[in-house]
Amino acid sequence: MQTKYLFSLLGLAAHLAWAQTPSQPSVLPYSQSPTGVAIAGMTLAQAVQRAFENNAALRAAHANVGVMEGARVQAAARPNPELSFLSEGVQQTGNTQTIQISQALELGGKRGARMAAADRDMGIAAAELTQRRASLSADVTAAYFDVLTAQERGSLASAGVDLAAAAATATGKRVTAGKVSPVEQMRANVALSTAKLELTQAQSELQRSKARLAALWGGLAEDIDALNTVQPDQQSIRSLDELRRLAQTAPQMTLSQAQVTREQAVLALESARRVPNLTVVLGSKREADPRRTQTVVGLSIPLPLFDRNQGNVLAARRRVDKARDEHEAQRIKLDVDLNDAYQRAQLAHQELENLRGEVLPAAHSAYDAATKGFEMGKFSFLEVLDAQRTLFQTRAQYLKSMSEHYRAMADLERIVPPAALVTP
């Protein structure tokens, strides 16, 4: 009677433990809206905002925009005039003194071309900032869901320890009563040790995932509390062809196109520099003996006989070709990355649907049946362990698929804005 009571407690402990991790898991597939995931400590939107406010690389990108603004102001500046004084002779009689102002006049549209190139540099800085923000948002999203996945894995491991401990205790009672072989006790102890090891590994992974998330805003793992999730809204991802069209305006493509236009502007500037500048001279010349003053007027212009800036023009043309090739290479790479992330997201979504709809409920039912049969003496403890191991492996596969789904969606966010990923 006492033994039967103990095994009834074992079954009750199993049900209570798995009630915390039901067949319909609490963390479900990806939600596009940051507010779609409700958490107790920090929402995804709050994590992204904190990273936007404190990430050092993003601040550097912001600062670079300011740098380019200063360069744009400098590009608009005109050449300064030059004041010169010349004295011929050291005696008071017979010496000549000349004072004059020289002003260089930029010809060939140099100033306009220089300002256009500076504008393109500002465009590149802005595109880099946009790309950095998109990349940071995707990094935060991936790291955030890594924490959630690690938490779920920790909960699973903790439930496994509780089950293994209860099974070891119950088996010990049966061994003492002479109902089963001491080998069963050894198996139960091994299962408990393995479950404790898995729990330690899960706790370590949780701390590492928190540290990776907090590092995106310069924080520490201790700053992040447990993230409790509820079921988010599920929406269908757009087709691959639609995403390819949207990817044409991706931050990476915008940046590479800005590089092309910038090199084209530099080519126009180097071509304008082939035209020499004209220097205008205006001054006054004073002679001591006889005492008289004369106006000095002059023009000077370099003769482009040897240096016509041909080397810089050629290099600028080659840089334009290089930028165009890099733009095409970026387009191809982006299409490959988009296709890879899309296929991974679709595969993970199908795996989640299959696991959640069929495999997990079946594994849970098999475990419940094995537990009840063990209580009634119809199954051996080895069969219970096999059912438990199958259930654990199934849930571990679910967590793996869930993590892969989140990562694939985060990779898609690097290319397409989150709001544009799903069908309206």
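All values derive from a computational prediction rather than experimental measurement.
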**OP:** Start with the C-alpha gap between Glu205 and Gln201, add the side-chain angles, then the distance that decides, and say whether side-chain hydrogen bond (donor to acceptor under 3.5 Å, both in side chains) holds.
**Re:** CA-CA 6 Å; Glu205 174 58 29; Gln201 293 173 345; over 6 Å; no
Subject >> Backbone of Pro79 reached by a side-chain donor or acceptor of Gln103 within 3.5 Å >> reply: yes
Original post:
Between CG of Asp139 and CG of Leu216, what distance do you get to the nearest 0.5 Å?
Top reply: 6.0 Å
**OP:** May I ask you to decide if Arg308's main-chain N or O and Gln310's side chain share a donor-acceptor pair within less than 3.5 Å?
**Re:** yes
**OP:** Could you grab the distance from atom CG of Asn95 to atom CD of Glu287, nearest 0.5 Å is fine?
**Re:** 10.0 Å
Subject >> Polar side-chain atom of Ser193 near backbone of Asn189 as donor-acceptor pair, under 3.5 Å >> reply: yes
Original post:
Any side-chain heavy-atom pair from Leu355 and Gln397 closer than 4.5 angstrom?
Top reply: yes
Original post:
What heavy-atom pair brings Ser401 and Ala348 nearest, and what distance separates the two atoms?
Top reply: O-CB, 3.6 Å
**OP:** Identify the two heavy atoms, one from Leu412 and one from Ala341, that lie closest to each other, and give their separation to 0.1 Å.
**Re:** CD2-CB, 3.7 Å
Original post:
Should we count CZ of Arg286 as having more than 12 external heavy atoms under 6.0 Å?
Top reply: no
Original post:
Do the charged groups of Glu53 and Arg50 touch, with an N to O distance under 4.0 Å?
Top reply: no
Subject >> Any side-chain heavy-atom pair of Ile101 and Leu282 under 4.5 Å >> reply: no
Original post:
Can you check salt bridge (Lys or Arg N to Asp or Glu O under 4.0 Å) on Arg331 and Glu328, steps first, answer last?
Top reply: CA-CA 5 Å; Arg331 185 192 65 78; Glu328 178 63 16; 2.6 Å; yes
Subject >> Interatomic distance, Ser300 atom OG to Leu278 atom CG [nearest 0.5 angstrom] >> reply: 7.0 Å
Subject >> Nearest heavy-atom neighbours spanning Ile301 and Asn277 >> reply: CG1-O, 3.6 Å
Original post:
Are Asn354 and Gln350 linked by a side-chain donor-acceptor pair shorter than 3.5 Å?
Top reply: no
Original post:
How far does CG of Leu58 sit from CH2 of Trp217, to the nearest 0.5 angstrom?
Top reply: 14.5 Å
**OP:** Looking only at non-hydrogen atoms, find the nearest pair between Ser284 and Thr293 and report the distance.
**Re:** OG-CG2, 3.1 Å
Subject >> Residues forming a salt bridge (Lys or Arg N to Asp or Glu O under 4.0 Å) with Asp411, sequence neighbours excluded >> reply: Arg344, Arg414
**OP:** Would you mind reporting whether Gln346 and Ile237 have side-chain heavy atoms less than 4.5 Å apart?
**Re:** yes
Identify each donor-acceptor pair in which a side-chain atom of residues 59-75 lies under 3.5 Å from a protein atom, sequence neighbours left out, and give them as a table.
from	atom 1	to	atom 2	distance (Å)
Arg59	NH1	Asn54	O	2.7
Asn64	ND2	Glu128	OE1	3.4
Arg72	NE	Asp119	OD1	2.5

**OP:** Could I get the full list of salt bridge (Lys or Arg N to Asp or Glu O under 4.0 Å) partners for Asp325, not counting sequence neighbours?
**Re:** none
Subject >> Check: Ala77 main-chain N/O paired with Arg111 side-chain donor or acceptor under 3.5 Å >> reply: no
Subject >> From CG (Leu352) to NZ (Lys400), nearest 0.5 Å >> reply: 12.5 Å
Subject >> Candidate pair Gln131 and Gln252, rule side-chain contact (heavy atoms from CB on, under 4.5 Å), full reasoning >> reply: CA-CA 6 Å; Gln131 182 183 16; Gln252 297 90 329; 3.4 Å; yes
Original post:
Under 4.5 Å between any side-chain heavy atoms of Val275 and Lys110, yes or no?
Top reply: yes
**OP:** List the steps, then state whether salt bridge (Lys or Arg N to Asp or Glu O under 4.0 Å) holds for Arg273 with Glu270.
**Re:** CA-CA 5 Å; Arg273 285 173 176 168; Glu270 295 298 344; 3.2 Å; yes
Original post:
Does a side-chain heavy-atom distance below 4.5 Å link Leu338 with Arg244?
Top reply: yes
**OP:** Look at the rings of Phe145 and Tyr406 and say which category their plane angle falls in: under 30° parallel, 30 to 60° tilted, over 60° perpendicular.
**Re:** parallel
Subject >> Any Thr390 side-chain heavy atom under 4.5 Å of Tyr367 side chain >> reply: no
**OP:** Would you mind reporting whether Ile124 and Thr261 have side-chain heavy atoms less than 4.5 Å apart?
**Re:** no
Original post:
Which distance, rounded to the nearest 0.5 Å, do you find between the OG of Ser403 and the CG of Leu399?
Top reply: 8.5 Å
Original post:
Considering residues, nucleotides and ligands other than Glu82, do more than 12 of their heavy atoms fall under 6.0 Å from its CD?
Top reply: no
Subject >> side-chain contact (heavy atoms from CB on, under 4.5 Å) evaluation trace for Ile99 with Leu83 >> reply: CA-CA 8 Å; Ile99 184 171; Leu83 176 64; 3.9 Å; yes
Subject >> Pair Ser204-Arg208, side-chain hydrogen bond (donor to acceptor under 3.5 Å, both in side chains): steps then yes or no >> reply: CA-CA 6 Å; Ser204 176; Arg208 293 197 302 270; 2.6 Å; yes
Subject >> Gln330/Ser256 under side-chain hydrogen bond (donor to acceptor under 3.5 Å, both in side chains): CA gap, chis, key distance, verdict >> reply: CA-CA 7 Å; Gln330 180 63 61; Ser256 63; 5.8 Å; no
Original post:
Of the non-hydrogen atoms in His364 and Leu391, which two are nearest, and what is the gap between them?
Top reply: N-CD1, 3.7 Å
**OP:** Identify the heavy atoms of Ala164 and Leu192 that sit nearest to each other, and give their distance.
**Re:** CB-CA, 3.6 Å
**OP:** Evaluate the side-chain contact (heavy atoms from CB on, under 4.5 Å) criterion for residues Arg153 and Arg395: first the C-alpha distance (whole Å), next the side-chain angles of each, then the deciding distance (0.1 Å), finally the verdict.
**Re:** CA-CA 9 Å; Arg153 186 173 290 111; Arg395 290 191 60 85; over 6 Å; no
Original post:
Is there a donor-acceptor pair under 3.5 Å between the side chain of Ser137 and the backbone N or O of Arg133?
Top reply: no
**OP:** Before accepting this row, confirm whether a basic side-chain N of the pair Glu263/Lys322 lies closer than 4.0 Å to the acidic partner's carboxylate O.
**Re:** no
Original post:
Should Arg238 and Leu246 count as side-chain neighbours, where that means a heavy-atom distance under 4.5 Å?
Top reply: yes
**OP:** I would like to know whether Val281 and Val297 meet side-chain contact (heavy atoms from CB on, under 4.5 Å); could you show each step before the answer?
**Re:** CA-CA 6 Å; Val281 181; Val297 178; over 6 Å; no
